[in-house]
Every structure is written in C-alpha cells, then in structure tokens.
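Data block below; observations after.
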Protein chains: 2
Amino acid sequence: MRLTDAMRAVFVELLVHGPLSRAEAARRLALSPSALTKVTKPFIEAGYLREQATGEGTATVGRPSQPLEVEVSRMSFVGIKLTADELFAVRTDLAATIQAETSRPLIDHDIDNVLGQITQAITDLTGEGRPPLSAVGISLAGTATPSDPVVHTSPFLGWSQLPLARLVEEAVGVPTVLDNDVRALTAVQQWFGEGVGHSSFALITVGAGIGCGLVIGDRLVTGQSGAAGLVGHLSIDDRGPMCELGHRGCARAYASLPAIRRSVAGTLDRPELTFDDCLALARDGHPVARRVFDEAGSALGQLVATVANITGPELVILSGEAVHMQEVCADAFQAALARHTHWTSTPVRVVVKPFTFNEWARGAAVTALQHQLLHG
Amino acid sequence: MRLTDAMRAVFVELLVHGPLSRAEAARRLALSPSALTKVTKPFIEAGYLREQATGEGTATVGRPSQPLEVEVSRMSFVGIKLTADELFAVRTDLAATIQAETSRPLIDHDIDNVLGQITQAITDLTGEGRPPLSAVGISLAGTATPSDPVVHTSPFLGWSQLPLARLVEEAVGVPTVLDNDVRALTAVQQWFGEGVGHSSFALITVGAGIGCGLVIGDRLVTGQSGAAGLVGHLSIDDRGPMCELGHRGCARAYASLPAIRRSVAGTLDRPELTFDDCLALARDGHPVARRVFDEAGSALGQLVATVANITGPELVILSGEAVHMQEVCADAFQAALARHTHWTSTPVRVVVKPFTFNEWARGAAVTALQHQLLHG
DNA sequence: CGTCTTTACTTGACGTGATGCACAAATCTG
DNA sequence: CAGATTTGTGCATCACGTCAAGTAAAGACG
C-alpha cells in the first residue's frame, strides 16, 4: 500500500489523539471531509483502522459521528536498550503498549556476542501466532541518530564506527533504527505521554546521569551529529560537590542518583545505604539527607530553568529512575526554578512522570514506530 | 499572482542561495526540471526573476546553464527598531541590502506620538519613484512574535496589550509584522548571513544586554509566547559581579557592554571612560581592564558552551555592539568554551560578526521580508 | 407524529499542480 | 562532423485532493 502524506498524517493523528470521527480529523488536519473517507478506506480494508462500536453516549444534534480507532495489534515493534552490562528488550503494539519484555546480561562487548543476544531477545519476544514484527529500535547512551545506522563512538561499550543498525537489520530481516536513549524516551512522551498536544516540550531525566530531550515545533531536536540535550555537566555553582570529571558543582554531582547516594552514604560513613534508604532518611528529616536532597532539588530547578529560558518550551517533563526524589525536594526545586527563570517569564509548567526501567526499551520501540510510520 | 508552495520554495531558494540554474534549483528542491521552467516563468514575466547575463566563464561539457537571479529591487521593505528613547528605520531591497536609513528620538512613549514617528519615518524612506513598499517590520526587546500583532508587555516602553502591528498597518496601509529584536537579527543571519547553508545555528548578541536567537531544523525558534533565548541572566558562578536584579555572577553582569564599562571605570574611579576606552586599556595590558575583559570572555565562552550543549547547533554566531571585545578576550573565550563543552563533543564552531547599529533595523526588515515571502 | 434542522459521511466530476517523456538547444570531445 | 553531455521546454498524463450534490442518522419542534 503506497501512502500519501495525507494518509500518514491521518493515521498518526488517529494514533496519537485517540479515536476521532472522520469529521473531527478532517477539521484538525485542514482536509475536506471527503478526503477523509477516501483516505481512511484503504486503512480500514487492510485492518489498520476500525470503526469504533457506536458508544451511543453523547447526545448531540445531527447524525452521530463514527469514531475511527487504530487497530493497535496490527503492527508490532521491538525496542532494545543497551547498557554496559545488560540488554533490555520489549515488544509493543502500535500504541506503544508493552506486550512482552525480557532482559539478558551482556558478558562482553564483542559485537558478535552482542548481536547474538539481540537476535535472541528478538526471537524470544516474537514467537508464533503473533503479529509480524514491523521494525526494531535500539537505544543507547551516546550520539546516535535514526538517520544514521552506525554507532560512531560509544565510550562505555567500547565501539567505534559500528554499523549496528545495518547488522541487526541483516540478521533479523526487519528495518532497524538506532537512537540516543534520552531522545527515545522523549519520543514516547511526544506521541503517547505528557507531550501529546504540545508542540514544544523538554524531557529531563534524572538517574545514573542527567539527560534532556527536546521537542521544538513538533520535531524532536537531534543536534549536530546527535549532540543535543547534554545538560549533565551544566555548572550549577563553583563550590559544590565534584563529578567524576572534576567539575565542581556540576548538575550530575548534585542531582544524579549515584552522586546523591554517595554524598549521603559517604558523609554518614554508611556505605551500605541505597538511594532509597537515603530518600527514606530525608523523608524522616535526617539533616544530612535533607540537605543533600534539597541541594539536588535546587540544582534540578536551576537546570530546568536554564533549559526553559533558552528553548522556551510549553512544558517540562521530569522523569528517570530518581524522579521520585521530588517527594522530598519539590519545594527546593520550585524555589530554584522560580529564582532562575528569566524575570520576564513565568516559571515553566513542570510535570513529574514516574518511571520504570523498561521505559528505556519502550522508548526504543517508539523510535522504531515513529520511523516506520513517518518514513517507512 | 497566486503562489504555490513550490513557487515560494523556488523563489526563496534563489534569493538565499544566490543565482542558480533551473537544473540546479530543481535538484536542490527535489523537483523535476520541467516544474522549474513552469514555476519560474510567471516570476520572470512579472519581473521578480531575471536570467543572468551568460557569464561564459566555467568551461564544462553540456549545454551551459542559464542562472536565474532575483530582481532584488522589485520589492522594498522597511524595518524599524524601537528602543526606549529612539527609533531606527531602514529601507531594504529583497536581498536585505540597506537602501536608506533614518532615526529619530522618541520624546515619550505615548502611542499616538510613537505611531506618528513611525509613519513619518516610513514616508521619509519611501518617497516618489521608488519601488512600492511591500511590508513593514518592527522589532523591539521583549516577547513579540510575528504570529501575533500585539505587544503584550514591554517593560521599558511601558506598553501592555497594544496591537501595534495592526495600528501601523492601518496607518500605512502595508502589512506589518512585529518581532523580538534578537530573533530579527537571527533571521538576517539565517537568510543573508553566516547561517546560510546551516539548518541549525545560534546567534549570541553582546551589547546592552546579552541575547540569543536559535534556528533549529531550518526554523527560527520562538518559544512559548516568544520567550526563547533568554540567556542574559544565566548563572556563570555565584561569586562574581552583580547585575541590576541582584544576581551574583550572572552573564550580563560579567559580559554586557555597560557592565564591563562600569566595572573598569568604577574600579579605576574614572567614570568618564567609555567602553572603547576600557577596551583600549585592555589592549595596552592594563591589569584591571585585562582582568575584566578576560572574565567577560570566559563568561561568554561558558554561555556559548551551555547553549551549544543543550541545542547542538552546527554553528554559533557572535555579534552585537560589543563583539569587538573578542580582539582582547578571544583566548579566555575559547578556553572557557572548551572547558564547558560536554566531554563527548568537540567545541562548536564560532564565528564573530562585526556589528553596526542599523543591523537591528535591518533585522526588522528581514522579518517583514520572510513573513511576506513565506506567508504573504 | 411528521417535518425541519443539524451534523456526518459518501460518491463522482473536476481542477490543480507536479511528473515523465520526447525533443530542441548549446556546448565540449574526439 | 558525429557523438556525448547537460540544460531547458512543451505536452500528455497522472495523482491527489476539493467541490457539489446527495444520502444517512440523529434531535428539535410544532
């Protein structure tokens, strides 16, 4: 089935903005109603769209509308997140709902072994009787972009100039795209999360490091050779704690999960404390933990304000493995956000999104999904 | 003459990327050669395009190409920059070349008086025998955007909710657009300056304040209600000089023109010193001036690195009334840029653009020009 | 209870805007 | 002077979306 621009636009609109009547979709996309009947017919015949059971709910004048819905099970995607020592994979449907997941350790970084693990994970997730796999997405920390199938340099995997997407594509026989991990998470928010309905927003992730993904003018910002959103080492002040690169007072020294844990556990000389232990101490009012989390919140607030001042997003989404620290440092965060927001603006709206680790792999799946629907 | 998307694209391509043969333009825009004959014919007939005199220069096989050139005198624009106490206006042709300029003091901020000054300036610049005025652009500090004809709040002009573009449009009878001053400068660079050929770049201006304009994915970034690029109060450190809002070590306290002058003149207790006097002292190795300019350069380097880390531009353009201080602080600038650039990236390429004050008004003209060609 | 109004959807004729193809034009190459 | 090569043009064609007209399905109303 050859797709026109209008067909793609209609399908994506229905996928992202839920069931819509033809009339409503036509209004939103500035198309004629007749265009919509024409455009949707082949999708319905091929089973990609379906007419919703008439809800008989809203009593309104005129002929009742016939909402169209994407048949989300009609396509299937696998997303894979690579870290230095483990591989996480999920299978999702068209709505990015996770259908199955798996993970496996990476013994070494030899490309043949990793490739084997990847193909194994994919076959595990896509057995018999399931909708055929449409595309695979792979995300990793570093400067990958979907428009380029090769990993140029990956410090922690020790790869350079590795055409990973092409290798996987040849091994599995399915289109494969590569992307930066934070950008992949941003793609999830853009189509299926808090970003829906916003033409510009920023996603800030707090976890092992601090990341930032940007959507501006409805487009995910890539940056030159994939290097945008590098906020981890933003200078907060010049007297604070030190990061592993020797930056005093940089954002990840203040607010990353390992830095916070180290700071509390180190000061108390209790190396066994986990991050959540530290968080519990702060919740109980322990002065050291409180101070560390307050400073982390302040650092994050300043970071969010800086990103917002520069890019002017409608919304900032906070997420990552350590977002739940907001429960103890929200006040410090808001104070710093207000203090560092440019005086002519009001502080940007911030929403906190809870985070589970498989979200990383889901991001990779959404990257594949977007690429397939927009450029497939 | 009704314009199709392709016609607009071809015209803009020829305007921005200089004379091009039909064949070359067709390749760049992914159109068929025959489309180009068809598209360019009405422009040539109406006198907007012209076939260049055959240069007989480049000896190459095949039929020689017939480059097309925009007849830049065919349209005319006026750009106006408003400051608290003066109005600067220029008239330009289609290539944004300044044809005439004028300025006049603003006695007060009463809207009728200002409107009178504006219309007077426009009639001064557009006398008899000149190509008819196509559009007017007005730029001012603050959060204006071309999509909205009203000045919502302008702190230093004391206006709020003033539909300035509509008023000028009614008074002069020509389409009028409003924009932020730094964004207008960025538009000049995008189409007629260093930004040509780059799909993403940042413009940093250093003058009375510090501004930032962004182009990402070939689009000028506006930000929510025009609030992007607010880098002036970026925190550089927390011990440095103080700005007028009481921020310690913020960028404008380190690197804006008045702050530098105040810092040198104040320390030396010589209030008569101008900025250029201070610059001369630094050039001569005066320890106080040297230190102040070095710190300004460092602050700017850190600021540029921060913007580049977040948005990943291909290029950063430095401009503004005080850029020429680079002649004494380039080393400090480069060192700070390298130090604050994210470790996985190489420092962004920076070019310094000399600046004359009428550039502000030229920016407004280019805003009008872009708006006219893209949406007129 | 029938008729009117309102909104949703469908169908086929039509128009617009770009393409493909054939061809002319203008140069260099051997 | 006969290819080779590239540019530019005219015309048939085609693809994609709009327009106009008509059908469908509900509530509103006398």
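Computed over heavy atoms, backbone and side chain alike; hydrogens, waters and symmetry mates excluded. Quantities reported herein were computed from a predicted structural model and do not represent experimental measurements.
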Between C1' of D/dC19 and NZ of A/Lys38, the distance in whole Å:
10 Å
Nearest whole angstrom, please: distance from the P of C/dC9 to the CG of A/Leu31.
14 Å
Is the number of heavy atoms from other residues, nucleotides or ligands under 6.0 Å of B/Asp5 CG greater than 12?
no
Answer yes if the side chains of B/Glu314 and B/Ser199 hold a donor-acceptor pair under 3.5 Å, and no otherwise.
yes
Between B/Ser73 and B/Glu71, is there a side-chain donor-acceptor contact under 3.5 Å, judged purely by atom types and distance?
yes
Taking N and O atoms by type only, does the side chain of B/Ser34 place a donor or acceptor under 3.5 Å from a partner on the base of D/dC11?
no
Given atom CZ of B/Arg22 and atom P of C/dA18, what is their separation to the nearest angstrom?
16 Å
Nearest-Å distance, CG (A/Leu20) to C1' (C/dC9)?
15 Å
Nearest listed nucleotide, side chain of A/Val39, among C/dA18, D/dA28, D/dG17
D/dG17
Quickly work out the B/Arg2 CZ to C/dT16 P distance and round it to whole Å.
9 Å
Of the nucleotides C/dT19, D/dA28, D/dT7, which has the atom closest to the B/Ser65 side chain?
D/dT7
Nearest-nucleotide pick for A/Pro64, side chain only, options being C/dT19, D/dG17, D/dA25:
D/dA25
Judged by each residue's nearest nucleotide on DNA chain D, which is more toward the 5′ side, A/Gly62 or B/Thr40?
B/Thr40
From CG of B/Asp5 across to P of C/dT19 the rounded distance in Å is 13 Å
Note: for A/Lys41 and A/Arg63 on DNA chain C, the residue whose nearest nucleotide lies more 5' is A/Arg63
Indicate whether OP1 or OP2 belonging to D/dG17 is found under 4.0 Å from a side-chain N or O atom of A/Thr4.
yes
Hey, does the side chain of B/Arg27 come within less than 4.0 Å of D/dT7's phosphate (OP1/OP2), counting only N and O?
yes
For the residue pair A/Arg22 / A/Thr40, report whether a side-chain donor-acceptor contact shorter than 3.5 Å exists.
yes
Integer-rounded Å distance: D/dT7 P and B/Glu24 CD:
8 Å
To the nearest angstrom, the CD-P distance between A/Gln66 and D/dT23 comes to 20 Å
Under 4.0 Å between a Lys/Arg side-chain N and an Asp/Glu carboxylate O for A/Lys41 and A/Glu45?
no
